[in-house]
2 protein chains.
Amino acid sequence: MKTPLYTPLIQSLPATVPFVGPEQSERDRGAPFAARLGANENGFGPVPAALAAMKTGVDDVWKYGDSTSFDLRTALAAVHGCSIDNIIVGEGIDGLLGLLVRLVIAPGDRVVTSAGAYPTFNYHVSAFGGEIVTVPYSDDYEDPARLFSRAADVGAKLVYLANPDNPMGTWHSGADIAAALNQLPDGCLLILDEAYVECAPAGTAAPISCDDHRVIRMRTFSKAYGMAGLRIGYALGQAALIQSFDKIRNHFGVNRLAQVAAVAAVGDAEGLALRLSQIQTARNQIAQVARNNGLRPLDSATNFVTIDCGQDGTFARAVLAELVERGCFVRMPFVAPQDRCIRVSCGPEAEVEVFATCLPQALAQVRASADG
Amino acid sequence: MKTPLYTPLIQSLPATVPFVGPEQSERDRGAPFAARLGANENGFGPVPAALAAMKTGVDDVWKYGDSTSFDLRTALAAVHGCSIDNIIVGEGIDGLLGLLVRLVIAPGDRVVTSAGAYPTFNYHVSAFGGEIVTVPYSDDYEDPARLFSRAADVGAKLVYLANPDNPMGTWHSGADIAAALNQLPDGCLLILDEAYVECAPAGTAAPISCDDHRVIRMRTFSKAYGMAGLRIGYALGQAALIQSFDKIRNHFGVNRLAQVAAVAAVGDAEGLALRLSQIQTARNQIAQVARNNGLRPLDSATNFVTIDCGQDGTFARAVLAELVERGCFVRMPFVAPQDRCIRVSCGPEAEVEVFATCLPQALAQVRASADG
């Protein structure tokens, strides 16, 4: 008898993808987007020092990257006041989430996350046979107390919490997150995804020691630093946990240019300040466009603005479809009641102008269809 | 009672790394290498078209890469005369091997490979709880008939075979590999690693249809194309197998610059021919250095030359240590009797000169120590 090729777990999995990328959407619609404001990328570009480092570094890409990302971990350790043994560098937060889930989750193990939070985490959990338990957002905020309480109820091994949150852009003070940790059940690890934290007000980064065994924090160069296409992020955690990644990771998987660019980026405080200022300007512009159209922009501590379209998910999905149809790539939350919103990433003024032009047309079209 | 954080499988794994990278060795010895000839990189650099494409592409790294690598798969499908559905692009062959093992190997499942073949494959198998069964090389050649026969004996789900082989540099004709497939047991998948095939004589690439369900072939831009630091490779196989990667892969994991550079590289036949010519010249130079020192270079169809040091593994390891001590980074096979050899990657003449200078010193030192 022929053995099935795939493992039982793999056989049980559907062929799903967490996100359809904008290039695929462009191919599907047969035309490029005029505005690329859907993937929370940084349309202002990589911070200047990273750009310069890459241009010099391309000649060296014949060399494998340093498998230990030593220079980058050294630079990051200085920033975070920790040891390099508290830092693991990986292929973006997505890659690190996949490895972390693999370290912890066997079939039947439970995780807790908010209903409608980052789908790529859920994708990894499902792919390792884990069971996803959700709690609702509280007024568009992730709710640490409720997440941790639910984790205790179901014996979860992992809790996922993004601060600031994606897709809503809301946030808690870091002190509140740290205080809530007392309610995290013993033996449960909090994944604190701080992908957007550079864009947030001072005090949003949680004041948690890298040696705290209850938490692993995730950071990325994809957002404020403008290097999404390079695929590099890192996690901060207790040394024993960080070292465990070495059992399973693709040791030479972090590309050399990403390492070189990230080292330069860490040193480019001025470049980061410039990008944050540009992001702030774009946030204000996007929020104003929303208000000009009678919609409510949520306060945001990220590089995007989530806009309450004022009706239900069906309405927001229709508005989104009309925007995309007009060449304005944006996305939206997947789950009710957050799916009454659309999510617009910060970008250069010309792209925000495209959004400003398309939004009233989209709203008019959807309202006309509803009336018709 | 506190739940153990890690899965039982993870708890059972040692903290091993398949390779120590040259940067780590440089830090360990406190000095840079004068010659970097140990990792089978391409010291002649990326093919020119890839270099040009990267220099233009860095401005765009704020965008995530296309999650489907559509442009690259389209270009590769034309080269291989197959559909894009036969091609999966990943973070180098290492990344693809990890995914493939995860698709197929559950704890206790068996794989067959040659004793001393690519350790990163074994690393992935062990990390998913697989059992590694080995067969010896036959006169420094991997032995397809023996591999396939052993796979039948032990009910293996995967067989790994590199053609040309690393670390020996030996090769079989593609026709011989294709013919041997008849002995592959039903239900067992052959991983045919063709990382070095561009460096090999015509006829080495196996004439196997991409739709053949018995085989998945691996290719990379790390070797002949000189892009190891970018982390990009691909696999060719039956569409159903290729599609299964979508269940588990990090969809946005292939960085944007790597995709852009690889598309350019595929179109740069002239650049590839130049690199192959440079590699051929270096192969001849390295072989001549070996002969000048009374050692036997093995014929190579790769971008490295494996040199028989004429004694046992202890002797070769001592020679290797002396070379590294003198700033000449080379590596060697791990397993007897192949470990009587050292392995020298092709590189620019200045680096081969370093090897030419260091080798007689290293041999003299080791022989003097043995006499002493």
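Below, chains carry the letters A, B, ... as their sequence lines are ordered, and counting in each starts from 1. These figures come from a predicted structure and were not determined experimentally. Both backbone and side-chain heavy atoms feed into the values below; hydrogens, waters and symmetry mates do not.
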Does any non-hydrogen side-chain atom of B:Ile248 lie less than 4.5 Å from one of A:His124? no

Heavy-atom nearest pair, A:Gly21 first then B:Ser67, reads N-OG, 4.2 Å

Most heavy-atom pairs under 4.5 angstrom with chain A, which of B:Gly98, B:Gly253, B:Cys188? B:Gly253

Kindly compute the distance separating CG (A:Asn250) from OG1 (B:Thr120), expressed to the nearest 0.5 Å. 8.0 Å

Does any part of the side chain of B:Phe70, heavy atoms only, come nearer than 4.5 Å to the side chain of A:Glu23, both counted from C-beta? no

Here the pair of heavy atoms bringing B:Met54 nearest to A:Val61 is CE-CG2, 3.6 Å

Can you see which heavy atom on B:Pro46 is nearest to which on A:Val58, and at what distance? CG-O, 4.1 Å

Is a salt bridge present between A:Arg249 and B:Asp94, judged by a nitrogen-to-oxygen distance below 4.0 Å? no

With heavy-atom distances below 4.5 Å as the criterion, would you say the side chains of B:Leu230 and A:Arg256 are in contact? no

Does B:Asp59 form a side chain to side chain contact (heavy atoms under 4.5 Å, CB included) with A:Lys55? I'd like the steps, not just the answer. CA-CA 9 Å; B:Asp59 292 321; A:Lys55 283 180 177 165; 3.7 Å; yes

Considering only heavy atoms and a distance below 4.5 Å, find which of B:Pro14, B:Gly92, B:Ser126 pairs most often with chain A. B:Pro14

Side chain / backbone / both / neither for A:Gln11 at chain B, heavy atoms under 4.5 Å: backbone

Cut-off 4.5 Å, heavy atoms of chain B, and the answer for A:Pro185 is neither

Determine whether B:Thr7 and A:Arg102 satisfy the following criterion, side chain to side chain contact (heavy atoms under 4.5 Å, CB included), listing intermediate values before the conclusion. CA-CA 8 Å; B:Thr7 69; A:Arg102 182 173 157 199; over 6 Å; no

Would you say B:Lys157's side chain and A:Leu5's backbone share a donor-acceptor pair under 3.5 angstrom? yes

For the side chain of B:Lys63 and the backbone of A:Glu41, is there at least one donor-acceptor N/O pair under 3.5 Å apart? no

Checking A:Ser244 against chain B: side chain, backbone, both or neither under 4.5 Å from a heavy atom? side chain

Choice from A:Leu241, A:Asp71, A:Val254 maximising heavy atom contacts with chain B below 4.5 Å: A:Leu241

Roughly how far apart are A:Leu9 CG and B:Leu103 CG, rounded to 0.5 Å? 10.0 Å

When you look at A:Phe252 and B:Phe19, which way does the side chain to side chain contact (heavy atoms under 4.5 Å, CB included) test go after all the steps? CA-CA 9 Å; A:Phe252 290 86; B:Phe19 288 108; 3.8 Å; yes

Distance col, row A:Asn255:CG vs B:Ile232:CD1, nearest 0.5 angstrom, shows 10.0 Å

Do you know the tightest heavy-atom contact between B:Gln24 and A:Thr68? OE1-CG2, 3.6 Å

So, the side chain of A:Tyr64 versus the backbone of B:Arg231: is there a donor-acceptor pair under 3.5 Å, distance only? no

Begin with the C-alpha distance, continue with both residues' side-chain angles, and end with the deciding distance and a verdict on side chain to side chain contact (heavy atoms under 4.5 Å, CB included) for B:Lys223 and A:Trp62. CA-CA 8 Å; B:Lys223 305 302 177 186; A:Trp62 62 271; over 6 Å; no

Got a second to check how far B:Leu189's CG is from A:Tyr6's OH, nearest 0.5 Å? 8.5 Å

